[in-house]
Amino acid sequence: MPLALLALAVGAFGIGTTEFVMMGLLPDVANDLNISIPSAGHLVSAYALGVVIGAPLLAAVTARMSRRTVLIALMGLFVAGNALSALAPDNGWLLAARFLSGLPHGAFFGVGAVVATNMVGPERKARSVSLMFLGLTVANVVGVPVATLMGQQLGWRATFLGVSAIGLAAIAALAFLIPHDHEHATAKGLRGELAALRSVPVWLSLGTTVAGFGALFAAYSYITPMLTDAAGYAGASVTLLLALFGVGATAGNLLGGRLADHSLRGTLFGGLGALVAVLVLFPLLMRTELTAAVAVILLGMAAFATGSPLQLMVMDKAASAPSLASSANQAAFNLANAGGAWIGGLALAAGFGVTSPALAGAALAVLGLGVASLAYAVDRRSAPSGGRERVVASHVPQEAEAVRH
């Protein structure tokens with residue numbers, strides 16, 4: 001695998017850290033700015049809103065620009081947003097800075113996925129995407145706990161200055177490691193990128209992402225009360241258990257990338273099926289501390305095994321202009337975050353029990369399987385010969401295309 005993938009992983013590590021660290025810093029931010037915890041929670045929503053808006057918007061307006069330049073510029077915007085977060089004098093400014101920090105998130109992963117797949121042969125495209133996403137999953141194991149501890153010991157502003165430093169390191173890595181022969185973006189421009197979103201298969205792929213990862217966040221958003229109220233863990237143990245989730249997500253991401261290079265559709269169906277099984281078993285697994293820890297690991301593995309296949313599938317369906325569709329998939333991930341948490345909350349509010357969000361997530365995973373099955377049926381109907389599908393993870397015409405089984 002090219003060393004240049006390390007530069008993308010460093011950027012992903014910084015993005016993953018700043019996205020999730022706010023959850024652990026909410027009490028510190030609330031106390032320092034004299035606001036309530038629910039008000040501080042809007043800082044999480046502001047970041048997610050920035051991702052949803054910025055992903056397609058920035059990918060579209062930079063469609064004719066050098067992808068190497070775009071990645072560096074996006075990381076520069078990321079550094080600016082986090083530096084402004086550290087300097088924010090009040091909650092209003094911090095909300096604006098968090099929104100700004102979220103803007104480059106989706107476009108970075110979207111454009112980065114296109115660059116990553118362009119640097120490898122067709123038999124390693126899914127693995128190249130999984131290695132970029134490795135930075136995001138490792139952030140949950142290392143970056144978020146360390147950044148949270150830094151914020152608790154040195155103040156929350158120090159955390160965002162530290163994340164800004166990671167962003168600067170990513171800019172240096174991108175500048176030195178991304179090859180110049182992969183810097184030219186598609187000549188189709190904005191019109192060509194927008195045309196990719198007219199495709200029904202693209203929207204079915206995005207719908208699979210929303211339903212599949214909505215299943216994850218329906219359960220994961222309420223994992224703390226499940227672990228404390230159902231499994232009997234002390235509150236102080238939750239941070240370690242969330243790190244176990246990151247370990248599972250990292251393993252699932254790497255496994256999914258390797259398997260998807262052999263069978264993209266099979267890996268997607270297998271991951272969604274495993275996610276259904278894990279979530280259905282969650283109420284049983286949450287009865288003891290040991291099985292609850294296993295459940296947390298399995299949840300991360302099953303969910304993130306589908307990450308690379310979903311990203312690659314969207315790029316496949318928008319093969320002639322993949323940057324916008326690839327970035328839109330990142331917006332879909334964040335819609336899944338918000339929608340899944342809302343649906344899981346409805347199950348809790350209805351009085352179905354502390355583990356009921358997992359069952360709501362299982363229903364969403366079944367929906368994801370249904371949408372993926374519909375997409376498969378559409379593909380088979382439109383396949384030119386024998387129902388075979390082509391994986392086209394890059395628009396570059398001279399690259400070979402892999403056959404997905």
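Heads up: numbering here begins at 1 and tracks the sequence. Predicted model, so just to flag it, every value in this text is computed and none were measured.
- In this structure, Ala293 and Leu244 approach most closely via the heavy-atom pair CB-CD1, 4.3 Å.
- Atom CD1 of residue Ile171 and atom CG of residue Leu74 lie 10.0 Å apart, to the nearest 0.5 angstrom.
- Remark: side-chain polar atoms of Thr159 are paired, donor with acceptor, to backbone N or O of Ala147 under 3.5 angstrom.
- Within the 4.5 Å cutoff, the side chain of Leu359 has no heavy atoms near those of the Leu279 side chain.
- With hydrogens and angles ignored, the 3.5 Å screen pairs no side-chain donor or acceptor of Arg124 with any backbone N or O of Met119.
- Using a 4.5 Å heavy-atom threshold, the side chains of Val70 and Leu58 count as separate.
- Note that the CG atom of Asn82 and the CG atom of Leu77 stand 10.0 Å from one another [nearest 0.5 Å].
- For the residue pair Pro357 and Met226, the shortest heavy atom distance occurs at CB-CE, 4.0 Å.
- Of all the heavy atoms in Arg157 and Ala86, the pair that sits closest is NH1-O, 2.9 Å.
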Review point. Going through the distances and angles, do Thr137 and Val247 end up as a side chain to side chain contact (heavy atoms under 4.5 Å, CB included)?
Key: CA-CA 8 Å; Thr137 57; Val247 171; over 6 Å; no

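- Within the 4.5 Å cutoff, the side chain of Val144 has no heavy atoms near those of the Glu19 side chain.
- Note that NZ of Lys317 is 13.5 Å distant from CG of Asn329, once rounded to the nearest 0.5 Å.
- Counting all heavy atoms, side chain and backbone alike, Ala215 lies closest to Gly361 at CB-O, 3.0 Å.
- Closest approach of Leu204 to Val378, counting heavy atoms only: CD1-CG2, 4.0 Å.
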Review point. Would Ile223 and Phe282 satisfy side chain to side chain contact (heavy atoms under 4.5 Å, CB included), going step by step from the backbone distance to the final call?
Key: CA-CA 10 Å; Ile223 196 68; Phe282 235 65; 3.7 Å; yes

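- For Ser164 (side chain) and Ala83 (main-chain N/O), a donor-acceptor pair under 3.5 Å exists by modelled atom type.
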Practice item. List the steps and the verdict of ring-ring contact (aromatic ring centres under 6.0 Å, His included) for Tyr220 and Phe245. Key: CA-CA 9 Å; Tyr220 186 67; Phe245 172 84; 4.2 Å; yes

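- Using a distance-only test at 3.5 Å, with no hydrogens or angles considered, a donor-acceptor pair links the side chain of Thr267 to the main chain of Ala260.
- Sorted by first and then second residue, the side chain to side chain donor-acceptor pair (under 3.5 Å) pairs with a member in residues 88-107 read Thr18-Arg98, Tyr47-His105; sequence neighbours excluded.
- Asp28 contributes no side-chain N or O that, together with a main-chain N or O of Gln152, makes up a donor-acceptor pair within less than 3.5 Å.
- The CG atom of Leu310 sits 5.0 Å away from atom CG of Leu268, with the distance rounded to the nearest 0.5 Å.
- For the pair Trp156/Leu33, a side-chain contact is recorded, criterion being any heavy-atom separation below 4.5 Å from C-beta on.
- Atom CG of Leu364 is separated from atom CG of Leu369 by 11.5 Å, given to the nearest 0.5 angstrom.
- Taking the side chain as every heavy atom from C-beta outward, Val51 and Phe109 never approach each other to under 4.5 Å.
- Across all their heavy atoms, Leu216 and Leu299 have their closest contact at CD1-CG, 3.8 Å.
- The backbone N or O of Ala175 sits less than 3.5 Å from a side-chain atom of Arg68, completing a donor-acceptor pair.
- Note that CD1 of Ile166 and CG of Leu161 are 11.5 Å apart. Values are rounded to the nearest 0.5 Å.
- Checking side-chain atoms of Tyr222 against main-chain N and O of Gly345 turns up a donor-acceptor pair under 3.5 Å.
- Annotation: side chain of Leu71 is in contact with side chain of Leu8 (closest heavy-atom distance under 4.5 Å).
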Practice item. Determine, step by step, whether Thr306 and Leu275 satisfy the side chain to side chain contact (heavy atoms under 4.5 Å, CB included) criterion, reporting the C-alpha distance in whole Å, the side-chain angles of both residues, the deciding distance to 0.1 Å, and the verdict. Key: CA-CA 9 Å; Thr306 66; Leu275 186 58; over 6 Å; no

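- Each of Ser130, Ser326, Ser205 was scored for a side-chain hydrogen bond (donor to acceptor under 3.5 Å, both in side chains) with Gln311, with one residue passing: Ser326.
- Here the side chain of Ser66 pairs a donor or acceptor atom with the backbone of Thr69 at under 3.5 angstrom.
- When atom types are taken as modelled, the side chain of Asn334 and the backbone of Gln330 share a donor-acceptor pair closer than 3.5 angstrom.
- You'll find the side chain of Ser308 reaches within 4.5 Å of the side chain of Asn253, heavy atoms only.
- Residues Val354 and Met286 fail the side-chain proximity criterion, which asks for heavy atoms closer than 4.5 Å.
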